[in-house]
There are 2 protein chains.
Amino acid sequence: MSRKATNLTKKKIFEYCMKSFAENGYSNVGLRNISEGTKLSIGAIYYHFSSKEKIAQFLYDTAGRLILNEIKTAVENAADDREALKSIILVLFKLTEEDPYLMKYVLYTKHKDFLPKAQPICSTKPFEYIKKFIKAKIKEGVFEDMDVLIASSLIMGPIIRIIQLRMDNVLKGDIRLYAESLLDGISRSIFKKQI
Amino acid sequence: MSRKATNLTKKKIFEYCMKSFAENGYSNVGLRNISEGTKLSIGAIYYHFSSKEKIAQFLYDTAGRLILNEIKTAVENAADDREALKSIILVLFKLTEEDPYLMKYVLYTKHKDFLPKAQPICSTKPFEYIKKFIKAKIKEGVFEDMDVLIASSLIMGPIIRIIQLRMDNVLKGDIRLYAESLLDGISRSIFKKQI
DNA sequence: ATAATTATAAAGAACGTTCGTTTTGTTTTC
DNA sequence: GAAAACAAAACGAACGTTCTTTATAATTAT
């Protein structure tokens with residue numbers, strides 16, 4: 001089956017580039033690096049991707065889609081609002097622990113460097129979805145009444161920061177252990193007080 | 001005055017590179033770009049900096065020192081703890097508005113890409129200083145008792161996030177207008193409740 | 001069913017550019 | 001006239017991409 005073989009090599013390119021771009025930066029990874037790392041010829045790589053930029057494009061789209069799906073199902077299956085928030089934290093923390101290169105690629109790579117019409121990370125699909133969720137909760141009166149971007153920053157800011165601390169190896173252990181404590185802090189900052 | 005002329009051209013290189021690295025990314029800015037942008041020859045640039053990497057190194061150190069000083073004086077002159085926190089926010093927001101390229105360079109540039117033994121942003125001097133401040137406040141019982149890195153994330157995470165939203169032009173206006181609202185949120189998450 | 005043909009997949013050398021750096025030379029400044 | 005400041009050409013290496021060739025698999029014809 002040639003199709004299967006094709007997909008396998010494409011996956012090999014995908015995985016190596018995700019890892020290498022995340023670790024070394026897009027500009028520091030050349031076609032010859034990719035060729036060595038995947039044990040494929042440059043010709044083979046160009047057979048599957050028409051340019052280096054297309055690889056990055058593909059990584060970006062795939063990563064975005066994956067994260068969005070994970071968050072979506074987590075939020076939709078949550079019992080209440082606090083659980084939904086917890087789910088978001090845990091999904092992102094889980095991805096950080098189990099697929100760190102994906103997370104590094106998404107959060108660290110300056111996509112503007114190679115994607116011509118770059119949408120900043122914060123305008124990407126997963127974050128747009130979360131923003132909508134927050135907007136709804138403010139309208140419902142669950143969250144304190146404030147600018148949605150402030151609320152979004154109060155929620156996502158600390159989460160992303162912890163993830164970065166983990167990726168920079170400042171935090172050495174599994175960050176899922178911090179989820180509850182972080183959730184407490186975030187909750188205090190945005191949930192409306194009970195009277 | 002030859003020394004003065006030297007410092008002027010060095011400053012010209014400094015300022016153009018700060019702006020250009022921040023906007024286009026270190027790897028996308030070549031010596032020929034710098035030469036054009038500064039109206040200096042490549043030889044002149046190499047007379048002042050022994051390598052391209054040294055320029056980035058110099059920018060990094062200068063920016064770090066500048067931010068640290070601004071934060072230090074702001075915190076030391078604050079009347080109380082809440083004011084200190086507010087000062088940190090306002091100093092960083094002010095820098096974002098008045099020196100956006102410096103802020104972009106510090107927050108966006110992947111320093112690991114060109115600085116061999118890269119210390120992550122979070123371990124940089126200004127952030128270390130803030131971490132110490134937070135640690136003290138936890139010990140004093142001013143902040144809730146929690147892991148210092150969690151507290152640090154709850155404080156710095158939202159601030160940095162707002163700054164990024166501004167730099168990505170998602171937030172269009174002066175972010176200092178959001179300082180109070182952000183401070184409220186952050187305060188709720190970390191200050192110990194009064195009984 | 002086997003042979004011929006055609007796509008597909010992969011290899012690797014070669015191309016033209018651009019990169020950071022070096023070298024050599026010229027103009028200033030004291 | 002010596003040192004400092006700048007200019008500009010040239011260097012080798014590395015870059016992304018293209019081109020030509022070869023092996024393998026799939027399809028068709030006999």
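Below, chain A is the first sequence line, B the second, and so on; all start at residue 1.
Criterion: ILVMFWY side-chain heavy atoms under 4.5 Å apart, direct or through other members. Under it, B:Val170 and B:Ile175 are part of a common hydrophobic cluster.
Nucleotide C:dG12 holds its P atom 12 Å from the NZ atom of A:Lys39, rounded to whole Å. The separation between A:Lys54 atom NZ and D:dG16 atom P is 16 Å, rounded to whole Å. As a whole-Å value, the separation of B:Phe49 CZ from D:dC6 P is 12 Å. In this entry the distance linking CD1 of B:Ile45 with P of D:dA7 reads 9 Å, nearest Å. One can place CG of B:Leu40 at 14 Å from C1' of C:dT27, the figure rounded to the nearest angstrom. The interatomic distance linking A:Ile55 (CD1) with D:dT17 (C1') rounds to 12 Å, in whole Å.
Here A:Arg82 pairs with A:Asp184 in a salt bridge; the nearest charged N to carboxylate O distance falls below 4.0 Å. Under 4.0 Å is where a charged nitrogen must lie from a carboxylate oxygen, and between B:Lys94 and B:Glu97 no such pair does.
Of the side-chain N and O atoms in A:His48, none sit less than 4.0 angstrom from OP1 or OP2 of C:dT8.
Residues meeting the side chain to side chain contact (heavy atoms under 4.5 Å, CB included) test with B:Leu90, sequence neighbours left out: B:Lys86, B:Arg176, B:Ala179. With sequence neighbours excluded, the residues forming a side chain to side chain contact (heavy atoms under 4.5 Å, CB included) with A:Lys72 are A:Glu76, A:Tyr129, listed by chain and number.
The side chain of B:Thr9 approaches D:dC6 more closely than any other nucleotide in the set C:dA9, D:dC6, C:dA10.
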*Go along nucleotides 18-25 of chain C 5' to 3' and tag each nucleotide: B for a protein heavy atom under 4.0 Å from its base, S when only backbone or sugar atoms are that close, - otherwise.*
-BBBB---
_Let's go through B:Phe21 and B:Tyr101 carefully: what are the C-alpha distance in whole Å and the side-chain angles of both, what is the deciding distance for side chain to side chain contact (heavy atoms under 4.5 Å, CB included) to 0.1 Å, and is it a yes or a no?_
CA-CA 9 Å; B:Phe21 287 175; B:Tyr101 296 121; over 6 Å; no
